Protein chains: 2
Amino acid sequence: MNAKTLILAILNRQEATGYEIRKMCTEGPYSYFVDISYGSIYPTLAKLEEEELVSSRVEHHSGKPDRKIYQITEAGQHEFIASLANPPQPDKFKSEFLLIAMCAELGTKESVKIAIDERIAHVEEELKMIRSHHSECSHPGTCWVIEYGEHCMSNDLIFLKKKREELLDIAGRNDGFRTAAE
Amino acid sequence: MNAKTLILAILNRQEATGYEIRKMCTEGPYSYFVDISYGSIYPTLAKLEEEELVSSRVEHHSGKPDRKIYQITEAGQHEFIASLANPPQPDKFKSEFLLIAMCAELGTKESVKIAIDERIAHVEEELKMIRSHHSECSHPGTCWVIEYGEHCMSNDLIFLKKKREELLDIAGRNDGFRTAAE
DNA sequence: TAGGCCATGTAACCGGTTACATGATTAG
DNA sequence: CTAATCATGTAACCGGTTACATGGCCTA
């Protein structure tokens with residue numbers, strides 16, 4: 001999924017500034033799709049306006065920076081809905097942690113411990129975030145997605161906690177050799 | 001995770017040609033990390049050889065293309081192990097399907113049905129693949145990762161099947177309007 | 001008064017993909 | 001006979017990131 005589709009998806013729900021769009025991509029429920037940064041948001045917004053898929057108005061506030069608020073146009077809505085209709089590309093999952101786990105015997109018990117504990121903490125934090133969204137959720141599709149995320153992450157967490165010791169044992173087997181070699 | 005680390009990880013286990021590396025990235029257990037294509041594998045391999053992190057030898061076979069087989073060097077092993085030690089970047093998950101689900105009410109019951117059924121089929125296929133790897137797995141770290149994948153995907157599948165109807169209902173609510181409007 | 005938040009935008013760069021070029025062998 | 005598999009590699013392109021420029025307000 002590219003920046004264009006994601007921005008259209010956001011603007012289809014609510015008007016927003018580039019700054020707000022970026023926030024939603026990193027914090028809100030949209031963060032479960034992609035992260036995009038200013039460097040791609042602003043140019044994409046400009047392109048979309050050129051194509052007349054979005055329009056904008058500027059609000060002036062004394063003492064605050066101007067806000068350039070973007071809305072989706074009718075053409076933009078059509079474009080977005082059309083793009084939803086063609087079947088989605090398969091999900092992608094990338095994990096550096098999994099590489100560390102796969103090569104656990106090459107690390108020390110200590111380094112693997114840091115990796116898995118950080119991973120557990122991270123999933124717990126995301127779960128907390130996703131649950132906070134759930135309580136304030138009224139839109140059915142968003143609800144569905146949030147429940148999906150909650151389901152996956154809490155199961156993820158169960159595995160991570162249950163199999164933590166096992167992974168540390170794999171890492172620990174060679175610690176003796178290593179110490180002897182140093 | 002970049003191509004360099006992934007290739008080093010593969011070569012740390014076994015020597016391989018560029019062609020074989022690509023296969024492992026798309027089919028083997030390495031596919032749970034990243035997909036990389038020839039266009040990035042061959043140039044990366046050349047760069048790694050320049051840096052003397054890998055070396056290569058060429059095998060000639062009558063009637064078959066030459067095989068340029070790469071091995072990791074000692075320097076390469078050190079580099080790889082060192083890269084495992086620093087804590088991993090957070091996992092990333094991207095899903096176009098989830099965007100369709102989030103905007104279910106904008107699609108027809110039919111289009112959403114195609115999306116979720118395709119998604120279910122895809123996860124089922126991956127599960128089958130991962131299970132076939134599991135049976136032939138002897139390396140403990142790889143085993144751990146495969147079990148992790150199996151756990152996550154089978155739970156994913158449970159949710160998808162249980163909540164399928166619910167999602168279709170969200171999509172179906174407006175089908176009446178749409179038909180009337182056409 | 002230092003740092004964070006609001007807010008917009010650009011330019012250089014980079015990692016990767018897509019498509020192409022080449023060509024023999026083998027299985028259906 | 002056709003398609004797939006083996007096998008290596010390049011060039012153009014593209015989508016996105018990082019870092020920079022700018023600047024006022026508010027909070028600790």
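Throughout, protein chains are lettered first and strands after them, A, B, ... in sequence-line order, and every chain is numbered starting at 1. As the structure is a prediction and not an experimental result, all values here were calculated from the model. Side-chain atoms are counted along with the backbone in the values below, which use heavy atoms only and exclude waters and symmetry mates.
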Salt bridge between A:Glu96 and B:Lys92, side-chain N to carboxylate O under 4.0 Å? no
In whole angstroms, how far is the C1' atom of C:dG16 from the NZ atom of B:Lys94? 12 Å
Select base, sugar-phosphate, or nothing to describe what B:Ala3 touches, counting heavy atoms under 4.0 Å on all strands. sugar-phosphate
Which nucleotide in C:dG9, C:dT17, D:dA7 has an atom nearest any side-chain atom of B:Ile36: C:dT17
Euclidean distance, atom CZ of residue B:Arg22 to atom P of C:dT17 [Å, nearest integer]: 10 Å
Would you mind reading off the distance between A:Glu20 atom CD and C:dC5 atom P, rounded to a whole angstrom? 16 Å
Here the distance between atom P of C:dC6 and atom CD1 of A:Ile69, to the nearest Å, is 15 Å
Among D:dG15, C:dT8, D:dT8, which nucleotide sits nearest the side chain of B:Lys68? D:dT8
Does the side chain of A:His122 come under 3.5 Å of the side chain of A:Glu124 through a donor N or O and an acceptor N or O? no
Does B:Lys23 make a side-chain N or O approach to OP1 or OP2 of D:dC6 shorter than 4.0 Å? yes
Report yes or no: do A:Ser55 and A:Gln71 form a side-chain donor-acceptor pair below 3.5 Å? yes
Round to the nearest Å and state the distance from A:Tyr42 atom OH to D:dT18 atom C1'. 16 Å
Give a yes or no on whether a salt bridge exists between B:Lys163 and A:Glu147, defined as a side-chain N under 4.0 angstrom from a carboxylate O. yes
Considering every strand and a 4.0 Å limit on heavy-atom distances, what is the contact class for A:Gly39: base, sugar-phosphate, or nothing? base
Exam field: side chain B:His133 to backbone B:Cys143, donor-acceptor pair closer than 3.5 Å: no
Go nucleotide by nucleotide along DNA chain D from the 5' end; which of A:Tyr38 and A:Lys47 gets its closest nucleotide reached first? A:Lys47
Report the distance from atom CG of B:Asn2 to atom P of D:dT18, rounded to the nearest whole Å. 13 Å
Taking only residues two or more places apart in sequence, or in another chain, which ones meet B:Phe93 in a ring-ring contact (aromatic ring centres under 6.0 Å, His included)? none
Measure from the side chain of A:Pro43, starting at C-beta and using heavy atoms only, and say which of C:dG16, C:dT10, D:dC6 lies closest. C:dT10
Side chains of A:Ser56 and A:Glu49: any donor to acceptor distance under 3.5 Å? yes
Expressed in angstrom and rounded to an integer, what is the separation of B:Glu59 atom CD from D:dT8 atom P? 11 Å
Given D:dT8, C:dA7, C:dT17, the nucleotide with the shortest approach to the side chain of B:Thr17: D:dT8
Below the 4.0 Å mark, does C:dT17 have OP1 or OP2 next to a side-chain nitrogen or oxygen of B:Ser40? yes
Going by heavy atoms in the side chains, are A:Arg119 and A:Asp156 under 4.5 Å from each other? yes
I want to verify a distance call: between C:dC5, D:dG9, D:dT5, whose nearest atom is closest to the A:Tyr19 side chain? C:dC5
Atom-pair distance (NZ on B:Lys92; C1' on D:dG15), nearest Å: 14 Å
Given C:dG16, D:dT8, C:dG23, the nucleotide with the shortest approach to the side chain of B:Pro65: C:dG23
To the nearest 10 degrees, what angle separates the axes at the start and end of the helix from C:dT1-D:dA28 to C:dG28-D:dC1, five pairs each? 50°
Taking only side-chain nitrogens and oxygens of B:Ser37, does any of them come within less than 4.0 Å of OP1 or OP2 of C:dT17? yes
